[in-house]
Structures are given as structure tokens and as C-alpha cells.
Amino acid sequence: MADEDIILSELPDDELVLQMHDDLYDGLKDEIEEGTRILLDRGWTPYDVLTQALVAGMKIVGDDFRDGILFVPEVLLSANAMKSGMTILKPLLAETGAPRMGKMVIGTVKGDIHDIGKNLVAMMMEGAGFEVLDLGINNSVEKYLEALEAEQPDILGMSALLTTTMPYMKVVIDTMKEKGMREDYIVLVGGAPLNEEFGRAIGADAYCRDAAVAVETAKQLVARKHNQLSA
Ligand code: B1M
């Protein structure tokens with residue numbers, strides 16, 4: 001069947017999700033928005049739409065980018081389509097009425113412009129009741145420190161998607177140590193090329209594999225910090 005013959009609303013859930021993976025691959029923003037709304041209307045939770053339709057679709061894009069089948073302009077279109085789906089989900093994920101859990105400053109490190117994963121983490125943290133200040137992409141150590149001093153958050157979150165930019169996280173943590181402010185904050189790091197060992201080696205409090213892990217880790221570490229302070 002030709003693409004123009006496909007009526008998304010007539011597809012059963014499993015076929016619609018596969019079609020959304022194709023549409024994300026093809027960077028079709030309107031179709032991704034439509035598919036997102038259809039799944040929500042059918043009673044899907046925002047989290048399931050996010051993970052099963054959008055994040056899973058982006059994984060296929062990522063694999064083909066890695067294998068040289070897709071190139072930057074195509075991936076940018078996919079990223080824009082993904083973001084438009086995320087824009088629909090964002091208020092719904094934030095609407096959980098969760099009690100205030102704490103505050104986080106988050107940003108992608110210097111030299112790195114990837115922001116989809118970081119945005120997802122920010123969205124999920126807000127949904128879990130955290131106040132989030134998003135510094136965007138390409139953040140220097142000065143930008144991070146300025147925000148920490150101005151905002152006094154519980155958590156600093158850093159994201160890096162490139163093997164060439166992930167070492168910059170250590171620059172930020174080392175500078176925090178030099179200035180005697182490292183222990184004032186919980187530092188969480190994440191991004192596809194990182195792992196637990198790297199997180200430990202650079203002196204972060206935790207590496208977070210995905211947004212859900214970031215939320216759980218943040219909750220645990222903030223609770224521990226508050227218990228220590230009140231003990
Ligand atoms: Co880029 N890129 N890219 N790219 N890109 C990767 C990262 C790459 C792995 C692709 C590949 O070759 N397989 C590769 C890096 C290779 C390496 O370093 N070893 C790569 C490259 C090489 C590049 C360029 C250098 C390409 C070029 O120009 N030749 C260039 C770099 C530009 C720069 O930053 N200076 C570049 C550019 C781009 C686009 C602009 C086209 C676009 C970014 C658009 C945007 O973000 N607005 C893009 C994209 C989309 C990707 C891939 C395909 C997808 C990334 C993504 O959004 N994933 C990516 C391939 C891949 O990762 N497999 C790739 C979906 C997202 C939900 O997952 O970001 O992993 P992720 O986030 C997860 C977790 O990692 C974690 O939670 C998130 C949600 O569950 N997490 C955190 C992330 N941050 C966290 C922070 C936390 C906690 C958890 O803080 C507490």
C-alpha cells in the first residue's frame with residue numbers, strides 16, 4: 001500500500017506503532033503528531049507512547065545513522081518529528097500532580113548539540129515532581145556553575161552523546177571540587193556512550209541509563225540527602 005493510502009486512525013495499535021517508527025524514520029512531523037494523539041485517545045499512557053512509539057523509533061534511526069544508511073539532514077528531520085511528538089506529551093507527563101521532590105539544573109555539555117535525551121530526562125523529572133531548569137546545549141563549565149550558584153538546585157544533571165564531549169563532564173566535576181562546592185550537589189550523568197564505570201571514574205554520584213532511571217536515582221539520592229541533613 002502506498003504511504004498516502006494509509007489512514008493512521010484505522011490501524012490497530014501494534015501496526016500504528018510500527019507505522020510511527022516508519023514515519024519517524026522518514027521525518028514526517030505531522031504524522032508523528034497525529035499518531036501520538038491517536039494513541040493517547042485510545043487510552044495509552046503518555047509514558048507508553050513516549051517509550052514504545054517515539055524512543056523505540058528513534059533507536060532504529062540511531063542504528064541506521066551509525067551504519068551510514070542515514071545522514072545528518074535525515075536524522076535532523078527525524079529528531080524534529082520526535083520533538084513534535086514530545087511537545088504533545090510534555091504537559092501530560094508533567095500533569096501527574098506529584099508533590100515537589102526537589103530541583104534540578106540540567107544541560108548538555110560543551111561541544112555537544114544533542115538534546116533529545118536530555119529533554120526527555122527533563123520532562124520525566126518534571127512529571128515526577130522535580131522543578132527543572134534546562135540550560136540547553138553546549139554548556140561551558142562557567143554556565144553550569146553560574147546556574148548552580150543562582151538556582152541552588154539539589155541536582156546537577158549533565159548529558160553527552162559524543163565520546164569526544166563526555167570527558168567534559170569531568171572538567172565540570174573537577175572545577176566543582178576545586179571551588180569546594182562538589183559536595184553541595186548531587187551530580188547525575190547520562191547519554192548513550194556513557195556507562196557506570198565512566199560515571200564512577202569522573203566522580204559523579206550516579207550514571208543514569210535512561211530517563212526512568214534518572215528519575216528513580218534522583219528520588220533516592222535526594223531523599224538520602226534530606227535524611228542526612230535532618231539527622
Ligand atoms: Co548525532 N551522533 N551527531 N546527531 N546522533 C550519535 C550520538 C552517534 C552515536 C550516531 C552514530 O554514529 N551511531 C554519533 C556519536 C559517535 C560517538 O561519539 N562515538 C553521532 C555523531 C557522530 C554526530 C555528529 C558528529 C555527526 C556529524 O556531524 N558528522 C554530529 C555532532 C554534532 C555535535 O553535537 N557537535 C551529530 C549531529 C546529530 C544531529 C544534529 C543530526 C542529531 C541531534 C538532534 C538533536 O538532538 N536535537 C543527532 C542524532 C539525533 C543522533 C542519534 C541518531 C540519536 C540521539 C538521540 O536523540 N537518541 C545518535 C545515535 C544514538 O544515540 N544511537 C547520534 C534518542 C534519545 C532518547 O536517547 O540521547 O541516548 P539518548 O538519551 C537517553 C539516555 O542516553 C539517557 O536518557 C535518555 C532518555 O532515555 N540520557 C540521560 C541522556 N542524557 C541524559 C542525562 C541525564 C540522565 C540520562 O542526566 C541526569
Side-chain angles (χ1 to χ4, degrees), residues 21 24-25 27 29 32 47 49-87 89-90 93 102-128 130 132-140 144 153-169 172-173 185-196 198-199 202 204-222:
H21 293 175
L24 198 61
Y25 194 93
K29 185 171 168 283
I32 288 300
Y47 183 73
V49 179
L50 183 67
T51 50
Q52 294 179 40
L54 301 185
V55 174
M58 205 61 199
K59 162 92 178 62
I60 303 168
V61 173
D63 290 348
D64 279 4
F65 188 32
R66 176 196 61 212
D67 296 340
I69 298 165
L70 288 178
F71 296 95
V72 170
E74 291 138 329
V75 177
L76 261 179
L77 286 178
S78 300
N80 282 341
M82 166 117 187
K83 282 186 178 179
S84 64
M86 282 165 65
T87 303
L89 298 174
K90 184 175 174 180
L93 285 165
K103 190 170 178 181
M104 178 190 227
V105 161
I106 189 167
T108 303
V109 298
K110 191 172 167 181
D112 200 322
I113 63 168
H114 295 87
D115 67 354
I116 295 176
K118 184 260 303 159
N119 294 348
L120 213 57
V121 173
M123 270 166 57
M124 299 273 296
M125 291 287 293
E126 279 175 355
F130 285 86
V132 178
L133 179 81
D134 187 345
L135 301 177
I137 55 173
N138 194 24
N139 284 288
S140 64
Y144 282 118
D154 302 283
I155 305 170
L156 169 64
M158 288 188 280
S159 179
L161 265 288
L162 299 171
T163 44
T164 48
T165 56
M166 57 193 246
Y168 196 76
M169 292 174 162
V172 178
I173 293 175
Y185 305 97
I186 295 163
V187 179
L188 302 182
V189 294
L194 280 62
N195 56 33
E196 274 186 31
F198 176 79
I202 62 167
D205 289 291
Y207 153 73
C208 307
R209 188 182 60 242
D210 58 32
V213 171
V215 167
E216 282 319 304
T217 312
K219 281 184 184 167
Q220 281 171 16
L221 295 184
V222 167

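We count ligands from 1, going down the list as the structure has it; atoms in each ligand are counted the same way. Sequence positions, counted from 1, serve as the residue numbers for this chain. We use all heavy atoms of the structure for the numbers below, so side chains are in, but hydrogens, waters and symmetry mates are not.
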*Going through the distances and angles, do Val109 and Asn139 end up as a side-chain contact (heavy atoms from CB on, under 4.5 Å)?*
CA-CA 5 Å; Val109 298; Asn139 284 288; 5.9 Å; no

Looking at [Y], is its backbone amide N or carbonyl O close enough to the side chain of [X] to form a donor-acceptor pair, meaning the two atoms are under 3.5 Å apart?
X      : Y      : result
Ser159 : Gly191 : no
Thr108 : His114 : yes
Asp67  : Ile69  : no
Asn138 : Gly111 : yes
Tyr168 : Ala160 : no
Asp210 : Val213 : yes

*Answer yes or no: is there a side-chain heavy-atom contact under 4.5 Å between Asp134 and Asn119?*
yes

*Hey, are the side chains of Ile155 and Phe130 touching, using non-hydrogen atoms and a 4.5 Å cut-off?*
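Side-chain contact under 4.5 Å: yes.
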
Nearest protein heavy-atom contact for [atom]: which residue, which atom, what distance?
atom                    : value
atom 63 (N) of ligand 1 : Gly62 CA, 4.0 Å
atom 90 (O) of ligand 1 : Met158 O, 3.6 Å
atom 57 (O) of ligand 1 : Ile116 CB, 3.3 Å
atom 79 (C) of ligand 1 : Leu120 CD2, 3.4 Å

*Could you say whether the N/O atoms of Asp63 and ligand 1 ever approach to under 3.5 Å?*
no

Option set [options], criterion heavy-atom distance to [atom], minimum:
atom                    : options                      : result
atom 81 (N) of ligand 1 : Ala212, Gly199, Gly191       : Gly191
atom 84 (N) of ligand 1 : Gly157, Ser159, Ala160       : Ser159
atom 77 (O) of ligand 1 : Asp64, Asp210, Thr217, Leu77 : Asp210
atom 78 (C) of ligand 1 : Ala79, Gly57, Gly117         : Gly117

Any protein heavy atom sitting closer than 4.0 Å to [atom]?
atom                    : answer
atom 33 (C) of ligand 1 : yes
atom 9 (C) of ligand 1  : no
atom 39 (C) of ligand 1 : no

Subset of ligand 1 atoms that lie under 4.0 Å from at least one heavy atom of [X]:
X      : result
Asp112 : 34 (O)
Met58  : 50 (C), 65 (C)
Arg66  : 11 (C), 12 (O), 13 (N)
Val121 : 77 (O), 82 (C), 85 (C), 88 (C), 89 (C)
Lys83  : 47 (N)

*asked:* Considering only residues two or more places apart or on different chains, which pairs with a residue in residues 211-222 satisfy side-chain hydrogen bond (donor to acceptor under 3.5 Å, both in side chains)?
replied: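 Counting only pairs at least two positions apart or across chains, no side-chain hydrogen bond (donor to acceptor under 3.5 Å, both in side chains) contact touches residues 211-222.
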
*Under 2.8 Å from atom 1 (Co) of ligand 1, protein N/O/S atom count?*
1

